[in-house]
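Remarks on the structure that follows.
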Amino acid sequence: MRDTVGLIVSLSILLATCLLATLIGEFWTGVLARCVTWMFLAISFTLAYSYANIPSVAQATVFGAGAYAVIWAAPAIAGNIALMLLASMIAGGAVALVFGLLVLRMSHSGAAIGTIILAVAFSMLGNAAIGLTGGTDGLPLASEAFHLFGIPITAGPNIGMLLLGAVLLAILLAGFWYISGRRIWRIVRAVQQNALRAQVLGYNAVAYRIAIYVISGCIAGLGGGLYALVSRHVAIETIGLSMSLKSILWAAVGGISSIYGGPIGVLAIQLASEVLLRWTVRVDLIIGLMLVAVALWLPQGVMGLRTRNANWISTIKQWRRT
Amino acid sequence: MSGTSHPVFSVEGVSKSFGVFNALTDVSLSVRHDEIRAIIGPNGAGKTTFVNIVSGVYRPSKGRVILDGADITGLPPQKRARLGLARTFQIASLFRGMTIAEHMELAVRGRDTDRHERTELLDRMGLSAFADRDVQTLSHGDQRILEMAMAMVLKPKFLLLDEPTAGMSVAETDRMIRLIGDRLRGKVGVIIVEHDMSVVTQTSDQVTVLAAGAVATSGTPDIVLRDPLVKELYLGSAAGH
C-alpha cells in the first residue's frame with residue numbers, strides 16, 4: 001500500500017529545508033546539511049524496527065561504519081564521491097549483515113539487548129583501535145578534489161552537500177514509495193506482521209528479515225558517508241550508543257511505523273536543540289520533557305496524526321448522521 | 001474411500017518433550033491422499049504440539065514426519081509448504097491492510113496460477129464480490145473461508161485444518177462443513193483438529209483420539225465416538241469444562 005501523502009509530506013519538508021538553506025547563513029546551512037545525513041539514520045532505524053522486526057539499538061554503529069569507510073577510502077579513490085558513497089553503503093550493509101545474523105534468532109526484546117551489547121562492544125573496540133578510528137579525537141577527511149561524475153563538489157557543511165544529501169534522500173523516499181506498491185513489499189509486510197503465517201505460505205521469513213535489515217544498514221551507511229563528507233571529520237562518538245538512541249528518538253517523534261516520519265523527527269528535535277541552546281544549557285532536559293509529551297500524547301509520532309485526524313473526522317461524521 | 005490408496009502424509013513414532021514434560025509420546029498415524037482424518041482430544045491432549053510438529057514449528061524429539069514419501073522431519077515450515085503441505089490456523093491469521101486479492105496473490109507465491117482459476121476459486125467460496133476489500137472488514141466466517149482458499153489455491157498434497165470452525169456462528173459452521181465436503185472430501189489428504197463433534201462426524205472419514213500426548217484410539221467416527229473410553233476421556237473432560 002503506497003503512502004502517497006507521506007511521500008508528499010516528506011518531500012515537501014525536504015524541499016523546504018533546501019529553500020530555507022538558501023535564505024539563512026552558513027551556520028544554519030551546515031546544521032541542515034547534517035540533519036539531512038541523520039535523516040538516513042532515522043529512516044534506517046524505522047526500516048529495521050518496523051519491517052525487519054529488529055529493534056536495533058546499534059544503528060549508529062552501522063552509520064559510523066559508513067562514515068569511517070569514506071574517511072578510509074577517500075585517499076585511495078581520489079575524491080570520487082560516487083565510489084566513496086558506494087563504499088559507505090557496502091560497509092553499512094556488511095556490518096548490518098553481521099549484526100543481523102547474530103540477533104535475528106533472538107526474541108524481540110532479546111534482539112534489542114543484543115544490539116545494545118554490539119553497540120557498546122564496537123564503541124569500545126573503536127576507542128581501543130585509535131590508529132584506525134582516531135578514538136575520541138577522530139580522523140579528518142583527506143583533502144582531495146572531490147567530484148561527482150566529473151562535477152566538482154566541495155566537501156563540508158555547505159549548500160552543495162546539503163543538496164546532494166537531499167537529492168539522494170528524495171530518490172530513496174520515492175524508491176520506497178514505488179517498492180511499497182509492489183508484490184515484494186507485500187511479502188515483507190506479511191513477514192513483519194506474522195512470520196509464521198508467511199512461512200506457512202512458503203516464504204523464508206528469516207531471509208526476508210535479514211535482507212531488509214541489510215538494506216537498512218546500507219541506508220544508514222550512506223547517511224554515515226554523507227555525514228563524513230559534510231563534517232570532514234569522524235570521531236568515535238559517531239558510532240556510540242547515545243547516537244543510536246537519538247536515531248530512535250527521531251524515528252519515534254516522526255512516526256515509528258512510517259519511514260516518511262524520519263525527516264520530520266530529525267528536523268523537529270535537532271532544530272529545537274539548536275534554538276534552545278541559545279537560551280539555556282538545559283537543552284537535554286527540555287528535549288527529554290518534549291519526548292515524554294510525545295510518548296504520552298502522540299505515541300504514533302507526527303505521521304500518526306493523520307490516522308488520528310481521520311478517525312476524529314469519521315467519528316464526527318458518524319455523530320452528525322445519528 | 002479407497003482402502004488401497006497410499007498415505008500422502010504420516011507421522012511415525014513421534015514424541016516431543018519440553019524439559020521433563022512429555023507433550024507427545026510415540027504418536028503414529030497416516031492420512032491417505034483422499035482421506036479426511038480428525039484429531040480430537042481433551043485440553044492438554046497434545047493437539048497443539050501435534051499441529052506444530054506437522055507444520056514444522058517444532059522438531060520432534062523422536063520419530064519421523066513423512067509427506068508423499070519424503071522425510072520432512074527437519075524441514076522448516078516454508079520448505080514443507082513448497083513441498084505441498086498447507087495449513088490454516090485456529091485463529092484467523094490474515095494480514096492487516098491487505099485485500100482478499102492481495103492475500104491470494106501472496107498464497108500463490110508469484111506462480112503462474114491462472115488468474116481465472118483464482119477468481120473461480122474465490123467465486124465458489126463466495127468471496128469474489130469482496131476481492132478488493134480489506135480483510136479486516138470481513139466477517140469472522142469469511143476470514144476463515146479466505147484462509148481456506150489461500151491453503152487450497154496451489155492444490156496442496158496435504159492440508160492441515162486447525163479448528164476450522166472455531167468462533168463461527170451456526171450458519172458459518174454449516175457453510176464451512178459444506179465447503180469441506182464439496183471441495184476437499186475425496187480430493188486431498190486432510191487432518192482436521194477440531195473440538196466440535198458435529199463437524200467431526202459430518203466431515204471426517206477417520207478419527208484419532210489423543211489423550212495425555214498419546215493415541216488413545218482410532219477408527220471411523222461412528223465407532224470411535226461410541227467408544228466408552230472416548231466418552232470418558234473426551235466428552236467427560238469437555239463436560240467438565
Side-chain angles (χ1 to χ4, degrees), chain A residues 1-7 46 49-53 101 104-105 107 176-212 255-260 300 303-304 306-308 310-311 314 318, chain B residues 48 51-52 54-58 72 75-113 132 134-136 143 146-162:
Chain A
M1 194 169 56
R2 288 181 173 136
D3 180 4
T4 307
V5 175
L7 176 72
T46 302
Y49 178 83
S50 295
Y51 294 97
N53 274 350
L101 290 173
L104 205 71
R105 289 175 192 277
S107 66
F176 178 78
W177 177 86
Y178 175 75
I179 292 285
S180 60
R182 311 292 298 174
R183 181 178 163 270
I184 185 83
W185 198 251
R186 278 195 278 282
I187 301 171
V188 170
R189 283 171 57 210
V191 168
Q192 175 253 329
Q193 286 185 31
N194 190 337
L196 175 60
R197 185 70 180 96
Q199 281 180 292
V200 165
L201 289 174
Y203 298 105
N204 187 336
V206 172
Y208 276 96
R209 287 178 64 199
I210 200 93
I212 291 297
I256 200 79
S257 57
S258 167
I259 74 150
Y260 304 114
Q300 295 299 314
M303 293 307 277
R306 292 178 308 151
T307 328
R308 211 159 77 167
N311 289 343
S314 97
Q318 210 169 6
Chain B
T48 304
V51 165
N52 284 331
V54 170
S55 54
V57 179
Y58 295 155
I72 60 164
L75 295 185
Q78 67 271 14
K79 287 199 174 158
R80 295 182 186 211
R82 286 173 182 270
L83 288 173
L85 190 155
R87 74 165 281 191
T88 64
F89 288 78
Q90 192 178 342
I91 298 164
S93 296
L94 301 172
F95 304 113
R96 290 187 311 276
M98 290 193 211
T99 65
I100 289 181
E102 286 171 338
H103 275 79
M104 293 301 281
E105 195 186 279
L106 277 176
V108 299
R109 297 194 295 268
R111 284 198 201 168
D112 291 333
T113 303
D132 293 323
D134 189 319
V135 292
Q136 284 171 289
Q143 290 188 2
L146 172 59
E147 279 220 309
M148 187 79 99
M150 289 168 72
M152 285 163 58
V153 68
L154 282 183
K155 298 188 175 73
K157 292 174 185 164
F158 170 70
L159 186 54
L160 174 65
L161 305 179
D162 191 1

Query raised in the report: Considering residues, nucleotides and ligands other than B:Lys157, do more than 12 of their heavy atoms fall under 6.0 Å from its NZ?
Result: yes
Query raised in the report: Is it the case that more than 12 heavy atoms not belonging to A:Arg2 sit under 6.0 Å from its CZ atom?
Result: yes
Query raised in the report: Does CZ in B:Phe158 sit with more than 12 non-hydrogen atoms of other residues, nucleotides or ligands closer than 6.0 Å?
Result: yes
Requested in this report: Starting at OH of A:Tyr203, measure out to CZ of B:Arg82 and round the result to the nearest 0.5 Å.
Outcome: 7.5 Å
Query - Point-to-point distance, once rounded to the nearest 0.5 Å, from CZ of B:Phe89 to CG of A:Asn194 - result: 6.0 Å
Requested in this report: Specify the closest pair of heavy atoms between A:Ala190 and B:Leu106, including all atoms of both residues, with the distance to one decimal.
Outcome: CB-CD1, 4.0 Å
**Report entry** Over all atoms of both residues, closest heavy-atom pair of B:Ala81 and A:Leu201
**Finding:** CB-C, 4.1 Å
Query raised in the report: Which answer fits B:Arg87, side chain, backbone, both or neither, if we ask what part of it has an atom under 4.5 Å from a heavy atom of chain A?
Result: both
Query raised in the report: Does a salt bridge link B:Glu147 with A:Arg197, judged by any charged N lying under 4.0 Å from a carboxylate O?
Result: yes
Report summary line: Given B:Pro76, B:Gly97, B:Ala151, the one with more heavy-atom pairs under 4.5 angstrom with chain A than any other is B:Gly97
Requested in this report: Take B:Phe95 and A:Gln193 through the test side-chain contact (heavy atoms from CB on, under 4.5 Å) and record every step on the way to the result.
Outcome: CA-CA 7 Å; B:Phe95 304 113; A:Gln193 286 185 31; 3.6 Å; yes
Report summary line: CZ of A:Arg183 to CD of B:Glu105, rounded to nearest 0.5 Å, is 6.0 Å
Report task. Decide if atom CZ of B:Arg96 counts as having more than 12 heavy atoms of other residues, nucleotides or ligands within a radius under 6.0 Å. Result -> no
Report task. Determine whether more than 12 heavy atoms belonging to other residues, nucleotides or ligands lie under 6.0 Å from atom CG of A:Leu101. Result -> yes
